[in-house]
Amino acid sequence: MPRDTTLLWGLRSPCAFACPHCYFGTIEEHKQAPPIEVGVLSHLSRTDLPPRALREFARTLAGSPIERVVIAGGEPLDWPPTLEVIELIKEAGCQVVIATNGIPLTRPPVTQRLIALGVDGVSVSLDSADARTNDRLRPSRSGRFGYDDVLSGIRSLLNARGDRHTPQVGIYTVVMRERPQEITDMARLANQLGVDYYVPQPISLTPDHKLFAELAHRREDVPGVAEQLARLYNEPSRLALPDPSYARRFVAAISTQEGALVPNCFGGARLFFIQPDGSVWDCPSDRRIAATPPEHRRSIRDADARTLFADRPACTNCSLFSRDCVNMWPLVLDMPQMLNAKAIR
Ligand SMILES: C[S@@+](CC[C@H](N)C(=O)[O-])C[C@H]1O[C@@H](n2cnc3c(N)ncnc32)[C@H](O)[C@@H]1O
C-alpha cells in the first residue's frame, strides 16, 4: 500500500489560550450552549477519546497508507498521554508534525522528549510579531502566558535540538484583514529567532461567526495581502516557505466565494481529519463535514488504520470551497519540502 496520506489529528480539546477566532469556538459560549451538531469542535472535552483508544488506533498505523500525522488540538502538548501516542506513531513509521501554542516548549522534559522521539516538525502558532497585538489576538486563559513565553519556548527547542536535523521548527501565523503586514513582519521575526519554516495562513471563519466582519478578508483587502506575499517570496530569507504556488492559492482563497469549486481536491483521498472524539472526516471543512451522509460517518474507536483508509478514492473536484482549504495545502503538499529544507541548503 503506498504511503501517501496525511492525517490531521485533533488529539485533545482543552487549550491554555482562548483565541476568539479558534476553530474550536470559545469555552464561554459552549458552557452556555454546548454544541450538539455533528463535527462541531469544542474546547470542552466531554467526548474526547481516552488515552487507551488513542494508543490502540496509533498502533494500527504501521502498514497503513498514512505517511504523516499532524497532531493538533486544542493543545496536544499539555496532555502527557500525547507523548505516548507520538511514540507509537513514530514506531509505526509515520512522520509526525505537532501544532502547538508553544507554551509547553518552555518545559525542558517536553522538548527533550520531542527530540528523543524523533518528532519531525513542531509548528508554533504566533499571530503577530508585536507582543501586545499577539497577546490580544491569542489571549491566555489564566493571563499568565503570552508572546514572551512562546518565544522562549521556540528558543528552548532550538537550543535543545542543537546540531540535530529534527525536529524542524516552524511558525504558523493566522493572517487577519486588519494586519496584512504581519506576513512579512513575522518572517523577519522568524529569521531572527532562527526557525526553519514559516507558513502564514488566511483566517477562516464561517460567515455567521461574530468576528467574520471584523477579521475575515474582503475583496478590497486582496491587493494588500498580494503585495505582502510577493515581498515574502522575493526578500532574501533562510526560511523554508510553502511552494510559491501557495501564495497564488492564498490570494485566490480570499478573492473567492464560499462554495466555489476546488479542482482535484485531496480531502478524503490523501487527507483525513480526526476530531478529538475520534470521528473521521475527509477534511476539517465544516461544509464538507455537514455534507457527509450519516452512513459515511466513521470513527477511529476500535478501528484499524489499515482497513479504515484502504479504499481511498482518487482526488476529485469538490464544490465546497472554504478559506480553510488553503490551510490544508502546506500540510499535505509542502511539509516534505519544508521539513527537508535545511538538509538541502
Ligand atoms: C486550533 S490550533 C491547535 C494547536 C495549538 N493549540 C496551537 O495554538 O497551535 C491549530 C492552528 O489553527 C489555527 N487556527 C485556529 N483558528 C483558526 C481560524 N479560524 N482560521 C485559521 N486558522 C486558525 C491556530 O492559529 C493554529 O495555528
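Every value quoted in this text rests on a predicted model; they were computed, and no experiment measured them. The chain is numbered in sequence order, starting from 1.
In terms of heavy atoms, Leu229 sits closest to Ala247 at CD1-O, 3.8 Å. Closest approach of Ala269 to Arg312, counting heavy atoms only: O-CD, 3.5 Å. Counting all heavy atoms, side chain and backbone alike, Gly102 lies closest to Val124 at CA-CG1, 3.8 Å.
Using a 4.5 Å cut-off on side-chain heavy atoms (C-beta onward), Phe272 and Thr5 make contact. Proximity of His30 to Pro35: side-chain heavy atoms (C-beta onward) are separated by under 4.5 Å at one or more points. With a 4.5 Å cut-off on side-chain heavy atoms, Asn327 and Val199 do not count as touching. Taking 4.5 Å as the limit, some side-chain heavy atom of Val225 sits within range of a side-chain heavy atom of Ile254. Under the 4.5 Å side-chain criterion, counting only non-hydrogen atoms from C-beta, Leu271 is not in contact with Asp282. A 4.5 Å side-chain heavy-atom check between Tyr147 and Thr133 finds every atom pair outside the cut-off. For the pair Asn101/Leu77, no side-chain contact is recorded, criterion being any heavy-atom separation below 4.5 Å from C-beta on. Residues Pro276 and Leu11 form no side-chain contact, since every pair of their non-hydrogen atoms from C-beta on lies 4.5 Å or further apart.
Here the CG atom belonging to Asp196 is positioned 4.0 Å from the CD atom belonging to Gln168, to the nearest 0.5 angstrom. Taking CG of Asp286 as the start and OG1 of Thr206 as the end, the distance is 6.0 Å to the nearest 0.5 Å. With rounding to the nearest 0.5 Å, the separation of SG in Cys325 from CZ in Arg288 is 8.5 Å. Rounding to the nearest 0.5 angstrom, the gap separating the CZ atom in Arg59 from the CG atom in Leu54 is 11.0 Å. With values rounded to the nearest 0.5 angstrom, Leu126 atom CG is found 9.5 Å from Tyr198 atom OH.
With sequence neighbours left out, the side-chain contact (heavy atoms from CB on, under 4.5 Å) criterion links Gln112 to Pro108. Under the side-chain contact (heavy atoms from CB on, under 4.5 Å) criterion, Gln32 pairs with no residue, sequence neighbours left out. Partners of Lys31 under the salt bridge (charged side-chain N to carboxylate O under 4.0 Å, His left out) rule, at least two apart in sequence or in another chain, do not exist in this structure. Under the rule for a salt bridge (charged side-chain N to carboxylate O under 4.0 Å, His left out), Asp149 has no partner lying at least two apart in sequence or in another chain. Annotation: salt bridge (charged side-chain N to carboxylate O under 4.0 Å, His left out) contacts of Asp185 (sequence neighbours excluded): Arg188. Listed by chain and residue number, nothing satisfies the salt bridge (charged side-chain N to carboxylate O under 4.0 Å, His left out) test with Arg68 (two or more places apart in sequence, or in another chain). For Arg3, the side-chain contact (heavy atoms from CB on, under 4.5 Å) partners are Ser64, Glu67, Cys94, not counting sequence neighbours. Residues passing the side-chain contact (heavy atoms from CB on, under 4.5 Å) test with Leu205 are His21, Ile203, His209, Leu211, Phe212, Leu215, sequence neighbours excluded.
Counting only residues at least two apart or in different chains, side-chain hydrogen bond (donor to acceptor under 3.5 Å, both in side chains) contacts with residues 169-178 comprise Arg177-Asp221. Every pair tested for salt bridge (charged side-chain N to carboxylate O under 4.0 Å, His left out) that includes a residue from residues 313-334 fails, sequence neighbours excluded, so the list is empty. Sorted by first and then second residue, the side-chain hydrogen bond (donor to acceptor under 3.5 Å, both in side chains) pairs involving residues 81-92 (not counting sequence neighbours) are Arg55-Glu84, Glu87-Arg113, Lys90-Asp120.
In this structure, the ring of Trp9 has its center less than 6.0 angstrom from the ring center of Phe57.
For the residue pair Tyr197 and Ser123, a side-chain donor N or O sits within less than 3.5 Å of a side-chain acceptor on the partner. Between the side chains of Asp130 and Ser128, no donor-acceptor pair is found at a separation under 3.5 Å. Under the 3.5 Å distance criterion, with hydrogens and angles disregarded, a donor-acceptor pair is assigned to the side chains of Glu75 and Thr100.
Met328 and Phe309 fall within the same hydrophobic cluster, defined by Ile, Leu, Val, Met, Phe, Trp and Tyr side-chain heavy atoms under 4.5 Å apart, directly or through other members. Residues Leu117 and Leu158 share a hydrophobic cluster, clusters being chains of Ile/Leu/Val/Met/Phe/Trp/Tyr side chains in contact below 4.5 Å. Tracing side-chain contacts under 4.5 Å through hydrophobic residues (I, L, V, M, F, W, Y), one never reaches Val70 starting from Leu88; they form parts of separate clusters. Residues Phe17 and Met186 are members of one and the same hydrophobic cluster, defined by side-chain heavy-atom contacts under 4.5 angstrom among Ile, Leu, Val, Met, Phe, Trp and Tyr.
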Under 3.5 Å, sequence neighbours excluded: what are the donor-acceptor pairs made by side chains of residues 43-51?
residue: His43; atom: ND1; partner: Ser13; partner atom: O; Å: 2.8
residue: Asp48; atom: OD1; partner: Ser13; partner atom: OG; Å: 2.8
residue: Asp48; atom: OD2; partner: Ser13; partner atom: N; Å: 3.0
residue: Asp48; atom: OD2; partner: Ser13; partner atom: OG; Å: 3.3

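Side chain of Thr60 to main chain of Ala305: a donor-acceptor pair is present (N/O by atom type, distance under 3.5 Å, no hydrogens or angles).
Using a 4.0 Å cut-off between charged nitrogen and carboxylate oxygen, Arg107 and Asp78 count as a salt-bridge pair. A salt bridge is defined here as a Lys NZ or Arg NE, NH1 or NH2 lying under 4.0 Å from an Asp or Glu carboxylate O, and Arg248 with Asp243 fails to meet this definition.
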